[in-house]
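A short write-up of the structure that comes next.
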Amino acid sequence: MRILKDFKIPNFKFKKIKMKNVENLEEVNVDYEEIKNKQEGIQKGKNKIYEKTNYETIKEVFYMCREKYAENICLLEKFNSKEEFKKITYKQFTDDVMALGTALTNKYSLKDERIVIIGENTYYWYVSYMAMLCGVGIAVPVDKELPANEIENVINRSRATAVIYSAKKKDIIKKVQDKLPTVKYFIQMNSDNELEGREIGIETVIKQGKEMIEKGDNSFEKIEIDPDEFKVLIFTSGTTSNSKGVMICNRNLAENINAVSTYVKLYPSDRLFSVLPLHHTYESSIGFLLPFANGASVAICQGLKHIVPDLQETKPTAMIAVPLLIENLYKKINKTIEKSGKAGLVNSMIHVTNALKSVGVDIKRKVFSEIYENLGGNIRIIVSAAAPIDAKVGRWVQDLGISFLQGYGLTETAPIAALTPEFEPKVGSAGKAVNCAELKIDNPNEKGEGEVLIKSKTLMLGYYENEEATNEVIKVDEEGNRWFHSGDVGYLDEDGFLYITGRTKNVIVTQNGKNIYPEEIELMLGEVKEIKECMVYGKEVEGEKELIITVKVIPNIEEIEAKHGKNLTDEQIHDIIWEQIKGVNRKLTSYKAIKKLEIKKDEFVKTTTMKIKRFEEIKKDN
């Protein structure tokens, strides 16, 4: 498997698996016929839907938690790698949010303004985002991996008047500052610097806000939130002026909490492990707002190379991850088991414990305790999101006694649309429509497959300053229902579970959930005079799990001959164009970079409106 540079999986090291707890159980005799008979009396999938919450805004959730969970641990972060994780209570967190919100709205006049938040997962990212949702203005979460030109573009397009950034992004922010005339303040996280020019430390802003509150300023607390007001702007990509900005409101985000509440039960004792980037809607909504609403805590992973020690130190009960990470954990743990010579014993005990669990006897946590210890000891839920995962990995997680859930949605659905109920697992499925959503298949074929349409209270307001693009994906039916055309191809089984089998859209989804929009790269390539026409796509290569970002190019022979001479060989033409592509790659973040060039000698297959039929072109490779 090719590992993406910006999501490189380190060489995890797990403790040796000895299976001491079960060596004396290896010869356990199980009467499978008796188990089969007992199974008939057990209701499959119990369908015990949990009680639904009914929040309309995140501020409503915020005040509930501030009062109910004040002394609970809210966040854990290791600010110094040599020290232990610091535990931050709900009281400290909510006090900091109130103070930041008060100062930003009253002292710095940023009420209803757009504010960019960029940086790694860290305490002040959470504080900043919550302050925005509770009344400051419109949050613009930005991917920290974007190159300088894309960050500059997103800030300018959003017309942001402030940028809150982490210390690790200081150099890149300094680089683009002079090109950002609309920005009044650059606010650095983990800094107590006083205001100098346009720059100030967030700790100073929070201190000022606390002083204002102590003097009786309750203006931020009094701000009322319209559930349907535009509050979050997420750009699908920042490469060109044609990238789409998704507009999300408070109701969209609150409905994520309501939607999950009936399928998964979280408790104040739960702890989620934060490893996905917070600008990703799954992490900021399901990985943060959801546990927050339940009085649970979030442990912030220091980075991919720290996953194993951080898991073991913070002992989380749940984790949301992309398939790439889960599959690598699976491989590393199984490699450790094989090296220990215990693979046969583990497989044997999986069969035994599955049989016992089917009649209500669950000893999995005890039997596989050493595997659990490698993951911190308390893990009970693993959620795979953002891309498809190998079903055998999901089954393995279930076999260990951990609830394996899959979530389905898009940034446009903020993101939740379907989820596996923890009481009704179905590995391989993308989940079941959540309570605020409805799924249907458009124009199904003989196999029941068609484009997945979504009607949901989590559905975005629309694309930022792009009514045409909004109308292309959201269609209103005769009853006035807004249906989102997902671009995914799939089918629904008899129980309402969704299975994704392909895509109709051009977007390329990487193994770690990154979206690559070919049209944006094609526009950049369109500026290369040596290229007449091109088509960017994800090429399937045997033996590679990741799609290879490939471009098919029809050379502009006239231009090439004028600049580079006549009678060139095919190889020379390839090299000339590849040199130009390398220049474009330098302007792209690493996961979007073109890895393969194919010179095309015939014309592209096109529609009557002269659009390339991508599906037809890709089929030629098969």
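In this chain, residues are counted from 1 in sequence order.
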Parallel, tilted or perpendicular: rings of Phe79 and Tyr123 (30°, 60°): perpendicular
side-chain hydrogen bond (donor to acceptor under 3.5 Å, both in side chains) against Ser158, all qualifying residues, sequence neighbours excluded: none
Close aromatic pair by centroid cut-off 6.0 Å: Tyr126 and Phe292: no
Pair Asp399 + Arg395: basic N to acidic O under 4.0 Å: no
Pair Ser274, Asn121: side-chain N/O donor-acceptor within cut-off below 3.5 Å: yes
Pairs satisfying salt bridge (charged side-chain N to carboxylate O under 4.0 Å, His left out), at least one member in residues 113-138, at least two apart: none
Taking every non-hydrogen atom, the tightest pair across Lys52 and Asn54: NZ-OD1, 2.8 Å
By side chain to side chain contact (heavy atoms under 4.5 Å, CB included) - contacts of Glu56 (at least two apart): Glu60, Pro227, Arg251
Residue list, side chain to side chain contact (heavy atoms under 4.5 Å, CB included) with Lys426, at least two apart or on another chain: Ser429, Asp493, Asp495, Phe497, Tyr499
side-chain hydrogen bond (donor to acceptor under 3.5 Å, both in side chains) contacts touching residues 129-141 (sequence neighbours left out): none
Qualifying residues under side chain to side chain contact (heavy atoms under 4.5 Å, CB included), relative to Thr105, sequence neighbours excluded: Lys111, Val136, Phe220, Ile223
Carboxylate-amine/guanidinium contact Lys432 Glu424, below 4.0 Å: yes
Qualifying salt bridge (charged side-chain N to carboxylate O under 4.0 Å, His left out) pairs, either residue in residues 200-217, two or more places apart: Asp96-Lys210
Nearest heavy-atom neighbours spanning Ser297 and Ile73: CB-O, 3.1 Å
Residues Ser166, Lys144; criterion side-chain contact (heavy atoms from CB on, under 4.5 Å); working and verdict: CA-CA 9 Å; Ser166 70; Lys144 65 182 177 62; over 6 Å; no
Residue list, salt bridge (charged side-chain N to carboxylate O under 4.0 Å, His left out) with Glu438, at least two apart or on another chain: Lys455
Thr281 vs Ile234 side-chain heavy atoms within contact, under 4.5 Å: yes
Of all pairs that satisfy salt bridge (charged side-chain N to carboxylate O under 4.0 Å, His left out), the ones with a partner from residues 312-326, not counting sequence neighbours: Lys78-Glu313
Residue pairs involving residues 258-270 (criterion salt bridge (charged side-chain N to carboxylate O under 4.0 Å, His left out); sequence neighbours excluded): Asp270-Arg380
Partners passing side chain to side chain contact (heavy atoms under 4.5 Å, CB included) against Ile172 (at least two apart in sequence or in another chain): Ala148, Ile151, Lys169
Those residues that, when tested against Tyr55, pass side-chain hydrogen bond (donor to acceptor under 3.5 Å, both in side chains) (two or more places apart): none
